[in-house]
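Take a look at this one; I'll ask things after.
Numbers here simply count residues along the sequence, with the first being 1.
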Amino acid sequence: ADQRTAAPPFALLDLDGRAWSTASLAGKPAVLYFFAPWCGVCAASAPQLRWFHRWRGEDVPVLLIGLDWAEVGELRDYAAKHSLPMPVLAGDAATGAAYRVHGYPTYYVIDAQGRIARRDTGFTTVAGLWFRTLGL
């Protein structure tokens with residue numbers, strides 16, 4: 001039997017002021033990638049996320065959710081430094097707690113029904129993300 005549970009709801013703004021929520025993902029699988037702007041492993045993963053976005057972004061969007069920041073400028077600088085083409089959302093402590101983020105990066109693969117398919121932490125590769133999102 002399928003033991004997947006619903007992803008916790010969130011409602012956040014991206015760096016352009018657009019609203020994103022669990023509802024905006026409806027009907028599509030997605031990757032929610034929680035990072036901190038000071039996180040070295042997150043920075044090392046950025047090129048992998050860019051490649052994944054280039055190859056699968058239409059089918060499996062990646063949303064980067066920044067946590068543990070003092071001012072939104074830190075998120076802007078991170079996005080610019082790593083040439084991130086996908087939405088970068090200004091996360092908050094409540095979202096981090098709802099998704100049980102205790103280290104960076106933490107990422108979730110959400111299926112098209114809005115349920116958690118996978119949860120992982122640490123460095124990831126394009127191949128790793130591709131494998132984790134197959135069949136969704």
Margin query: Count I, L, V, M, F, W, Y as connected when their side-chain heavy atoms are under 4.5 Å apart, and connections chain through other members. Are Trp55 and Leu134 then in the same cluster?
Written below: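 Yes, Trp55 connects to Leu134 through the hydrophobic network.
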Margin query: Using every non-hydrogen atom in the two residues, find where Pro37 and Trp69 come nearest and quote the distance to one decimal.
Written below: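 Here Pro37 and Trp69 meet closest at CG-CB, 3.9 Å.
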Check: How are the rings of Tyr78 and Phe35 set to each other: parallel, tilted or perpendicular (split at 30° and 60°)?
Finding: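 If you compare the ring of Tyr78 with that of Phe35, the planes turn out parallel.
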Margin query: Assigning hydrophobic clusters by single linkage (Ile, Leu, Val, Met, Phe, Trp, Tyr; side-chain heavy-atom cutoff under 4.5 Å), is Trp51 placed with Trp130?
Written below: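 Linked, Trp51 and Trp130 end up in one cluster.
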Margin query: List the residues meeting salt bridge (Lys or Arg N to Asp or Glu O under 4.0 Å) with Arg132, not counting sequence neighbours, and say none if there are none.
Written below: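 Checked Arg132 against salt bridge (Lys or Arg N to Asp or Glu O under 4.0 Å); matches are Asp120.
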Checklist line | Minimum heavy-atom distance Cys42-Tyr104, with the two atoms named | finding: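 Looking at all heavy atoms of both residues, the closest pair is SG-CB, 3.7 Å.
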Check: Atom OG in Ser45, atom OH in Tyr33: separation rounded to 0.5 Å?
Finding: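 Answer for the OG-OH pair, Ser45 versus Tyr33, is 3.5 Å.
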Check: So how far is it from Thr124 OG1 to Gln48 CD, rounded to the nearest 0.5 Å?
Finding: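 Nearest 0.5 Å value for the OG1-CD distance: 7.5 Å.
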Check: What is the distance from atom OG1 of Thr133 to atom CG of Asp111, rounded to the nearest 0.5 Å?
Finding: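 Going from OG1 on Thr133 over to CG on Asp111, the span is 12.0 Å.
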Notebook entry, point to check: Can you check side chain to side chain contact (heavy atoms under 4.5 Å, CB included) on Ile116 and Arg4, steps first, answer last?
Noted result: CA-CA 6 Å; Ile116 297 168; Arg4 293 182 184 176; 5.9 Å; no
Notebook entry, point to check: Taking it one step at a time, do Trp20 and Ile65 satisfy side chain to side chain contact (heavy atoms under 4.5 Å, CB included)?
Noted result: CA-CA 11 Å; Trp20 292 83; Ile65 302 176; over 6 Å; no
Checklist line | Rounded distance [0.5 Å steps], NZ in Lys28 versus CD in Glu58 | finding: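 Reported value, rounded in 0.5 Å steps: 6.0 Å.
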Notebook entry, point to check: Can you tell me if Asp16 uses its side chain to pair, donor with acceptor, with the backbone of Arg18 under 3.5 Å?
Noted result: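 Side chain of Asp16 to backbone of Arg18, a donor-acceptor pair under 3.5 Å: no, none is there.
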Check: When rounded to the nearest 0.5 angstrom, what is the spacing between CZ in Arg118 and CD1 in Ile110?
Finding: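 The CD1 atom of Ile110 is 12.5 Å from CZ of Arg118, to the nearest 0.5 Å.
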Check: Side chains of Tyr99 and Thr106: does their closest heavy-atom pair fall under 4.5 Å?
Finding: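 Tyr99 does not reach Thr106 side chain to side chain.
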Item checked: Exercise: identify the closest heavy-atom pair between Gly96 and Leu67 ->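 So the minimum-distance heavy-atom pair works out to CA-CD1, 3.7 Å.
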Note to self: Nearest 0.5 Å, please: how far is CG in Leu64 from CG in Leu89?
What the structure shows: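 That separation rounds to 8.5 Å.
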Margin query: Before you tell me yes or no, could you show the steps for Leu25 and Phe10 under side chain to side chain contact (heavy atoms under 4.5 Å, CB included), namely the whole-Å CA-CA distance, both residues' side-chain angles and the distance that decides it to 0.1 Å?
Written below: CA-CA 11 Å; Leu25 301 176; Phe10 68 86; 4.2 Å; yes
Next item on the list: Please report the closest heavy-atom contact between Tyr107 and Phe123, naming both atoms and the distance.
Entry: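 Distance-wise, the nearest heavy atoms are OH-O, 4.4 Å.
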Item checked: Short side-chain to backbone donor-acceptor contact, Trp38 and Glu74, under 3.5 Å ->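 Checking the backbone N and O of Glu74 against the side chain of Trp38, no donor-acceptor pair under 3.5 Å is found.
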Checklist line | Connected via hydrophobic side-chain network under 4.5 Å: Val60 and Val126 | finding: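 In one cluster: no.
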Notebook entry, point to check: At their closest point, which heavy atom of Leu49 faces which heavy atom of Met86, and how far apart are they?
Noted result: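 Closest pair (atom of Leu49, atom of Met86, distance): O-CE, 3.4 Å.
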Notebook entry, point to check: Do Val62 and Leu129 sit in the same hydrophobic cluster, where Ile, Leu, Val, Met, Phe, Trp and Tyr count as joined when their side-chain heavy atoms come under 4.5 Å apart?
Noted result: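 Linked within one cluster.
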Checklist line | Side-chain heavy-atom pair Pro29, Asp59 within 4.5 angstrom cut-off | finding: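 Answer no - side chains too far apart.
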Note to self: Looking at every non-hydrogen atom in both residues, tell me the closest pair between Thr22 and Ala7 and how far apart they are.
What the structure shows: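 That would be CG2-O, 4.3 Å.
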Check: Where do Tyr108 and Arg100 land on the side chain to side chain contact (heavy atoms under 4.5 Å, CB included) test, with the steps shown first?
Finding: CA-CA 11 Å; Tyr108 283 81; Arg100 302 189 331 271; 4.1 Å; yes
